[in-house]
Amino acid sequence: MLFFVKQAIQDILSNSFLYGVTVITIAFLILIVSAFGLFFLNVDDMICSWKKEVRMMVYLKKDINENQLFDLKRKIKGISGISNATFISRDEALKYLKEQMKRQSSLLDNLEKNPLPDAFEITISQSIANPEKIESIATRVEVFPQVEDVEYGQRWIGRFINIFNLFRLAGFTMSCLFLMATVFIVANTIRLVLYSKREELEIMRIVGASNIFIKAPFYIVGILEGAVGGVIGIAGLFIAFSFISSSMEQTASSCIINIRFFPLSISCGIIFCSIFVAWLGCYFSLRQFLKV
Amino acid sequence: MLFFVKQAIQDILSNSFLYGVTVITIAFLILIVSAFGLFFLNVDDMICSWKKEVRMMVYLKKDINENQLFDLKRKIKGISGISNATFISRDEALKYLKEQMKRQSSLLDNLEKNPLPDAFEITISQSIANPEKIESIATRVEVFPQVEDVEYGQRWIGRFINIFNLFRLAGFTMSCLFLMATVFIVANTIRLVLYSKREELEIMRIVGASNIFIKAPFYIVGILEGAVGGVIGIAGLFIAFSFISSSMEQTASSCIINIRFFPLSISCGIIFCSIFVAWLGCYFSLRQFLKV
Amino acid sequence: MIDKNAIIRVFHVHKRYGSKNALIDVTFDVAKNEFLFISGPNGAGKSSLLKLLYLAEGVSEGEILIDGINLSRISRKRIPLLRRKIGVIFQDFKLIPTKTVFENVALVLEVAGNKKHTIQKKVKRLLRAGGMEEKLDSYPAGLSSGEQQRVAFARAVAGDPKIILADEPTGSLDDESAGIILDILKKLHVLGTTVIIATHNKELIHTISARTIYLEKGRLKQDIPRTSKIISL
Amino acid sequence: MIDKNAIIRVFHVHKRYGSKNALIDVTFDVAKNEFLFISGPNGAGKSSLLKLLYLAEGVSEGEILIDGINLSRISRKRIPLLRRKIGVIFQDFKLIPTKTVFENVALVLEVAGNKKHTIQKKVKRLLRAGGMEEKLDSYPAGLSSGEQQRVAFARAVAGDPKIILADEPTGSLDDESAGIILDILKKLHVLGTTVIIATHNKELIHTISARTIYLEKGRLKQDIPRTSKIISL
Ligand SMILES: Nc1ncnc2c1ncn2[C@@H]1O[C@H](COP(=O)(O)OP(=O)(O)OP(=O)(O)O)[C@@H](O)[C@H]1O
Ligand SMILES: Nc1ncnc2c1ncn2[C@@H]1O[C@H](COP(=O)(O)OP(=O)(O)OP(=O)(O)O)[C@@H](O)[C@H]1O
Ligand SMILES: [Mg+2]
Ligand SMILES: [Mg+2]
């Protein structure tokens, strides 16, 4: 084993051009794919933080007693997809509304009496993402006799969830595409490298080398290439990310979202992916050039 | 010239493995980069369509006569960044509000008199994207004596414009990165191909071939590869796009946005880019292998 | 026809490349520890025949047995083991351009799983015998043709093969070097190695009294035993 | 020393590869239409000397003039033109593996800008002369060594060069083919071509009465004119 590693390192040194090209190719592809992944990671963060805001107001009929309230709360909480329900009295609600409307709150000063009813604020489970589900929850709540009306989500939340689901779909499809492409390009690069060494392979075979003897150094080199390429790619991404995020902080100081880099575990995962891709490339190429 | 083209085609046929690899690599890279571009094109479309909604309501003091109104309108329109201002009477406004609030409109039924003032609806130029500018426009409008209050944009519009600007920034940075990576990977692939033909190049030189004679076929092959790779890449993207967009139509029937593919001109531009990149790859590689 | 002493048996072998018949119905046995010339003009099929023997190509028809193993039926795992019994000097040397002279020769021993120490000693000894001790760390591109051929020779004999197949082993060598190489081959033969030399060089054949097989246009035309030399060539 | 008739002038040339001295202070002239052997044992520097002449390498010291042009000062644009005046048979053939035999030979004529029709005719004629008419569409890998050498020869003479540099041109050929090739070289010499043959093959040198330069360890040891043959080798 140690022998093969030595062989491999020697091989890398004497063919530094070929292997350099492979490492750079892998690094760039890892950079691209993980840049894309990072982008979607952050978009997803945003979606999650917005989804938390998907709430529903259940306005109650007038003159409901405590018992009925308690009963209703229990029933509402029993509906799947609803994670919480908080009672908000009409006075609370008016105060809240005034706060919300800020500049427009003067409008409410003209009111003679509080026109708002008592209400429950319902929190929708984050797993329920599409507006159809939310709609169906709303209708199920509406049928309770004590319920006057259900108002849910600002219209745009529904729209955005849809759009962001599309984002995610597109992102997922593209990620798959990118990954496939990466495997393919890396495999091709390694194939080209092996192609220019095919005579060498042939000579080794005729000199009596077993298949494992021929292949082992290539796999070791491939794994090293994958590791080095992956690390360079992630490092490059991190540098690019630092630039972007620092420039973001300048232009978007008022913006509440904060973007983040991959956690360490995912970074390591990407490097492993990169190693795996290089290994796969070796595997396919060696199969091609060592048929007999 | 014709001779070189013939040479090139013959070369492609007898080295189909090498050139196949290059074409596939180019195709995948074009696919990736243009998928990314397409994604941002559509995101941009959305942003534009949302930006159109960036409006400002200017609530006026009571008892303003026609002259003052006209004067105010003129002044408001004079502020840079404001593209239009429409007068909305208080009755119109209430009707509009009721429509907008739909489920909550019952609240308004309790009103004894219309609490709303007259107002101007101001449309902000689409080129003004960041919320700071919008804020400053708001304060400039607020100082007019006839103006009671300015209410602008739902809070989220401001937030989103920021986020989408970040999107665009990220998208732009990533596109640059991707393009660089593409040039690099294509150049590398072509370098590997030339590397495995370096003896051939050497022989041709010693046999008395001029540099142009040696290089021309490579450039022609490179351009062909770029063109074919580009077309395959775009075609692949189009197929992927068709799948996504048709699945989108199923899952997101309620969604108002409609995604689109590149217009023909951009598609052609991408193919030209692809050709250029391949040409560039040839250029760098030939410089390396034909030093003397 | 069954000769228990035969280490190589070639039995009605045909070799076709497309429509080209490189070998047509060639049959002969090589005894253990025989010294054999394969002779014939350019394109006679000498190299093609050797290629079949070192398993670089398969026969189109017929059977070849080496050391009792039928090459058409050998399992893929055993091919490397068989190849290690055969040392080949290729007509075009086939040195690995990315390895130094030392590494090229050492490869054969590494492949067979020898110890590093043994390899060092043996390779150096062999290259010294070929007058290549100064070139240990050169790459093949930095050698003259004669020097390359000597390295190829060292590699062929490094693994102590039972059979040595030499394709034009002195083609690039001056008379002195050729003499040295031939002497070594003769010594190995005395020590028990089976030596097969393919050459069109009649002079070479005349310097050593040995059995000679004469090929022409892919056919085995003459099989001249050791004694009756010089007569028919 | 100034010889107006010299087509090649080699003047105190040294060639070093790293610390290795391949050529040491070599000086000689070659007259127009001379027939010259460069002889010497393996590693003497024969191929190195030829490499300098066909501009594959540059000298480390000294000057070489070909047809009045100093190779150290030639502009890069004129190098291809000069090379077309020189036909080279390489010791290792250097055929392009991805081109057929026909294309390999035709290349020289295409490079010089000949018409397609002319090329067709000429290449076929040349290959027929070398007995390669059946192999027009073969790739070099499908040829025997002798056949490859014949193609290399055809390519070297295809461009009607003023100077032919042949590095061991008969190394892989049987006696008959070697005879044919030598005959052609002699004919070309008669027609005015300068022919330089590098070889360690003493037999070959003896068959033709010509001036012989003898190299040893990179030094020019003897320069034997045409008349005084056989004496000192
Ligand atoms: N891979 C191949 N494809 C097609 N034809 C081939 C191939 N290899 C050899 N041949 C043909 O088979 C014939 C025999 O070739 P071989 O190399 O065995 O000759 P040889 O006896 O070694 O000649 P030489 O003395 O020139 O080396 C030749 O005519 C050659 O063209
Ligand atoms: N590129 C190189 N790098 C280092 N040394 C070289 C290189 N080319 C040649 N040499 C050395 O220069 C010396 C002369 O080599 P050259 O090829 O000229 O010999 P030669 O006379 O052609 O021999 P042969 O008859 O074996 O072909 C040799 O010792 C060789 O090792
Ligand atoms: Mg042969
Ligand atoms: Mg030489």
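Source: prediction; values computed, not measured. All chains are named by letter (A, B, ...) in the order of the sequence lines, taking the proteins before the strands, and each is independently numbered beginning at 1.
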>> Please identify, among A:Leu192, A:Ile24, A:Val33, the residue contributing the most non-hydrogen atom pairs under 4.5 Å to chain B.
In response: A:Leu192
> What residue, out of A:Lys197, A:Arg191, A:Arg198, has the most heavy-atom pairs lying under 4.5 Å from chain B?
Replying inline: A:Arg191
> Given side chains that start at C-beta, do those of B:Thr189 and A:Asn188 come closer than 4.5 Å, heavy atoms only?
Replying inline: no
> Counting heavy-atom pairs under 4.5 Å to chain A, which of B:Ile185, B:Thr182, B:Thr22, B:Leu237 comes out on top?
Replying inline: B:Ile185
> Given a strict heavy-atom distance threshold of 4.5 Å, which part of B:Phe17 is in contact with chain A: side chain, backbone, both, or neither?
Replying inline: side chain
>> Quick check on the interface: out of B:Thr25, B:Val21, B:Leu31, who has the most heavy-atom pairs with chain A under 4.5 Å?
In response: B:Val21
> How long is the span from the OG atom in B:Ser196 to the CG atom in A:Leu18, to the nearest 0.5 Å?
Replying inline: 9.5 Å
